Amino acid sequence: MAVWYSLLLVLGMSLFVYLGAGLLGLQAIFGIVVPYAAILVFLIGFSMRILGWARSPVPFRIPTTAGQQKSLGWIKPSKVDSPYTTWGVVGRMAMEVLLFRSLFRNTKAELTEGKLAYGSSKWLWLFGILFHYTFLTIVIRHLRFFTEPVPFFVQALDRVDGMLQIGSPVIYQTDVILVAALLFLLIRRLVNPQMRYLSLPADYFPLFLILGIALTGIMMRYFAVFKVDLLSVKVLAMGLATFNPTIPEGIGVMFYIHLFLFSALLAYFPFSKLMHLGGVFLSPTRNLPNDSRMARHVNPWNAPVKVHTYEHYEDDFREKMIEADLPVEKQA
Amino acid sequence: MSQAPKPEELLRVSHIPPKKDWMDPRVDLVPGTWGYPGKASSLETLGLPNPREWNPTDEDWKLPPNWKEIIHEGLKERLEKYRSLKIFLDICVRCGACADKCHFFIGSGDPKNMPVLRAELLRSIYRQDFTMAGKILGTFAGGRELTEDVIKEWFYYFHQCTECRRCSLYCPYGIDTAEVTIIVRELLNLIGVNIDWILGAAANCYRTGNHLGLEPHTFKGNIEYLVDDIEEYVGVRLNPTFNRKGAEVLFIAPSGDVFADPGIFTYMGYLMLFEHIGLDYTISTYASEGGNFGLFTSQETMKRLNSKMYAEAKRLGVKWILGGECGHMWRVLHQYMDTMNGPADFLEVPKSPITGTVFDNAKSTKMVHIVEFMADLIHHGKLKLNPSRNDYLRTTWHDSCNVSRGMGMFEEPRYVLKSVCNNFFEMPENTIREQTFCCGGGTGLNAGEFEYLRMMGGMPRAFAVKHVQEKHGVNRLVNVCALDRAILPPLMDYWAPEVSVSGLTELVANALVMEGEHDRLTDLRGEDIPGMEGDE
């Protein structure tokens, strides 16, 4: 059910735009109001979430140690997997954020014929990282619509992405890989019984949404029927970027669907699991050094507690202690 | 083995999820997989809420009338206190990388033992009550209503997690189910839902200083029995001191080591080691517990129980504290103690009086792990060792969860073990070091009534042992944790018979050549050492 709801939601949104921007001619709503509103929701929502997290303190230093601690001088510590310096933590975080280090560890446990085996299982890591990097590349590539002149790195990225020189217009490798990765992530959720069991609409919805964004983009670029006037798109994009919005004539409805789905993604982002983008940087099991015996970590709400003091203890057991020749503070 | 079926039956575990949607909170209390409730007297000792007689199999758990409000406010307070909780509830993408990393899921096949779903049991309530999407969209946004059935489900599944943190190692965002379990158990304790094995131990610890409830004279007496055993097997009479002011070092071990086989052999090892090097140390009957079942109750209880260590060190005027072999004790000491009970500015930076080594890694906490201490002694050649006395043992090393993923102590114990024993074999790499598997009974799940659960949860660890048993003839599983020493022997009997279990210091002491010793014909267990008859 979760999967159908999510798919229908994305299709319904597309139909909504088709009706609104295509048939009713409300381009100004879908080309100006919606994107601005979405960006506003994204920026405010994202900041609020980060601030909300930051408001809660980190009472304890709880890194998950994945390597040798720093102890005796002659034992080689693991500087990144069990970091004890700021640079070590920076290294660990960089490995997490840029290379998905923890996911790379993934194994698959299999119980067959009374044996438990752990196979290496890098597919999730591979398609996960492909998805993230191709999506990033595509977002950066889109800067060519929002800048004039187009910065050199955007142009360079564009050329590299079309390096294989297949087709006309040239096929971007990232388009193909992004869709393949999204399909892998989707199919994995559907085919693996455990994944299917635990998946929520909130897991399928972003996949369909991004798939919708990618497919509308691809259709506009590669299929004549859906082609849109790129110059007009650039005029619209520059208008948005310079806070001087205009709606040029003749942009096909496919563009508005593309733009709306992306706006929906932006607006949905702060309220969803997609916030892992910000949260990963704040995860206390990863961004703290393993140095809690070397340097005192202060807990801002460290409240006093009621304890059973030694004096009390001795009062409870004094007779028995004296009888057992244990030293006491006060004689009976 | 009354509750657990035969191993062959247990092996037929299915990992295919049931038809029933996971959002349905109703649970079947399978015998052997849940704990008896905390006794009213224990709760009263600790001053915890809602002491009463109740039973998990009853329909009515006698919760306070405003239990829902208590849980809601309790969760709200903890969201404000712990960034970890907020982040972990907010950013999980349910990628499932953690699913088959949990020993309880591997062993039981129950989908709610997948770490991701275990956390969802709380996350769904959080969504419904604390997030905008959940408030508006309810179930569609993954929200669930908080009902008594949810409390029962929490009781069941958050006592099927040993806070071993294996899932957090593989999570791309480091989401730590231990953190979630710790907080849910805290919430449950607010309405008096808890288990006796934990609460009884915590109450004992509060009253007598140790989990076992050994009063000062009994605690001392138990150690004196061990002194007698050492005299018999080694031929040396030791005179440990208790509550002695002015000693250089205060030694604190888990109390399991003074009480039960095979932990007692480890304690004998501690005593022999200290005698061998002439350490100026004392043992406290007040701070007579290193472990901390408060960690499994609430942050506050953990702090209350742990406070005695620094208090006693201050009263006795020692320079620093040496801690025995234990797992969760070291999670507390390494990651929590200085923060909650410190600063220990009345102590000195630990310095080994034998080697002069300054333990800079403990310069703030002022507490050193005995394995770090021993590794340093051996490295400096300060121990007279005869490792051949351990030749009858073919050992493997079990990395205990807490000192692995909550401390990072991997090389020290291996160095010590290899120095005192000639036969050492590693288990497969996906089951050791940071990837180590739990014994299946940490966090207070070693009560008799949890036996079936432990045989399931301990399966991955046991299979790795069995692997080296078949491949290398391993017959001794060595570890550095008191709970392991209690939990692993029956687990081995069940899955890998003929493998015995011991602490590391026991093997060190087996190999120690003590001044004035007689012919060492037996080990510390009083069992003949094969090949030593008539030797030396």
Side-chain angles (χ1 to χ4, degrees), chain A residues 53 56 58 60-62 64-72 74-75 82 100 102-103 105-107 109 114 116 118 193-195 197-203 271 273 275-276 279-280 282-286 290 292-297 299 301-302 305 307-308 310 313 317 320-321 324 326-327, chain B residues 11 16-17 80-81 83-84 86-87 90-91 93-94 96-97 99-100 106 111 116-117 133 140 142 165 168-174 176 206 215-217 220 242-243 286 300 303-304 307 315 334-336 338-339 342-343 361-365 372 376 405 407-411 430 434 460 463:
Chain A
W53 289 332
S56 296
V58 179
F60 300 108
R61 194 159 286 203
I62 51 164
T64 307
T65 52
Q68 172 62 38
Q69 66 167 343
K70 180 171 167 54
S71 60
L72 299 162
W74 47 274
I75 293 176
S82 185
F100 301 7
S102 291
L103 200 56
R105 286 199 178 89
N106 197 28
T107 56
L116 246 177
Y118 310 92
Q194 283 126 30
M195 290 304 297
Y197 188 71
L198 63 85
S199 292
L200 297 170
D203 297 313
F271 309 100
K273 68 172 192 176
M275 278 306 291
H276 66 266
V280 64
L282 294 177
S283 179
T285 62
R286 292 292 185 272
N290 179 27
S292 33
R293 273 192 294 157
M294 294 176 219
R296 183 158 188 260
H297 177 91
N299 172 2
W301 51 262
N302 191 18
V305 293
V307 299
H308 192 215
Y310 175 80
Y313 168 87
F317 300 110
K320 290 166 176 169
M321 290 176 77
L326 286 165
Chain B
L11 267 178
I16 301 298
E80 283 157 15
K81 277 175 152 181
R83 186 181 299 168
S84 55
K86 247 186 193 171
I87 301 242
D90 279 334
I91 67 172
V93 300
R94 287 171 296 283
D100 60 354
I106 296 175
V116 46
L117 267 196
F140 188 73
R165 310 181 99 199
S168 91
L169 180 74
Y170 297 90
C171 174
Y173 319 119
D176 182 4
Y206 191 66
E215 296 187 354
H217 56 297
K220 181 177 181 233
F242 296 87
N243 303 357
Y286 169 61
E300 191 187 344
K303 183 175 172 181
R304 289 169 74 189
S307 66
R315 186 182 74 88
H334 186 72
Q335 296 197 324
Y336 295 103
D338 199 0
T339 298
N361 63 320
K363 67 181 172 212
S364 182
T365 305
E372 296 167 341
D376 175 65
R405 289 179 287 262
M407 186 171 166
M409 189 172 77
F410 301 113
E411 294 303 332
N430 286 318
E434 72 275 8
F463 274 35

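Chain identifiers are assigned alphabetically (A, B, ...) following the order of the sequence lines, protein sequences preceding nucleic acid strands; residue numbering begins at 1 within each chain. What you are looking at is a predicted structure, and each value in this text was computed from that prediction instead of being measured.
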For the side chain of [X] and the backbone of [Y], is there at least one donor-acceptor N/O pair under 3.5 Å apart?
X	Y	value
A:Arg293	B:His334	no
B:Thr339	A:Phe60	no
B:Gln335	A:Ile62	no
B:His217	A:Ala324	no
B:Asn361	A:Leu72	no

Next item on the list: Can you sort out the partners of A:Tyr310 under ring-ring contact (aromatic ring centres under 6.0 Å, His included), two or more places apart, ordered by chain and number?
Entry: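 Applying ring-ring contact (aromatic ring centres under 6.0 Å, His included) to A:Tyr310 gives A:Tyr313, B:Tyr286.
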Item checked: For A:Lys70, side chain to side chain donor-acceptor pair (under 3.5 Å) partners two or more places apart ->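 None.
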Measure [X] against the heavy atoms of chain A and call it side chain, backbone, both or neither at under 4.5 Å.
X	answer
B:Ser307	side chain
B:Lys363	both
B:Val116	side chain
B:Leu117	side chain

Next item on the list: Can you measure from CD (B:Glu411) to CD (A:Gln68) and round to the nearest 0.5 angstrom?
Entry: 5.0 Å
Check: Is there side-chain contact between B:Asn243 and A:Met321, with heavy atoms separated by less than 4.5 Å?
Finding: yes
Notebook entry, point to check: With a 4.5 Å limit on heavy-atom distance, are the side chains of B:Lys86 and A:Leu282 in contact?
Noted result: no
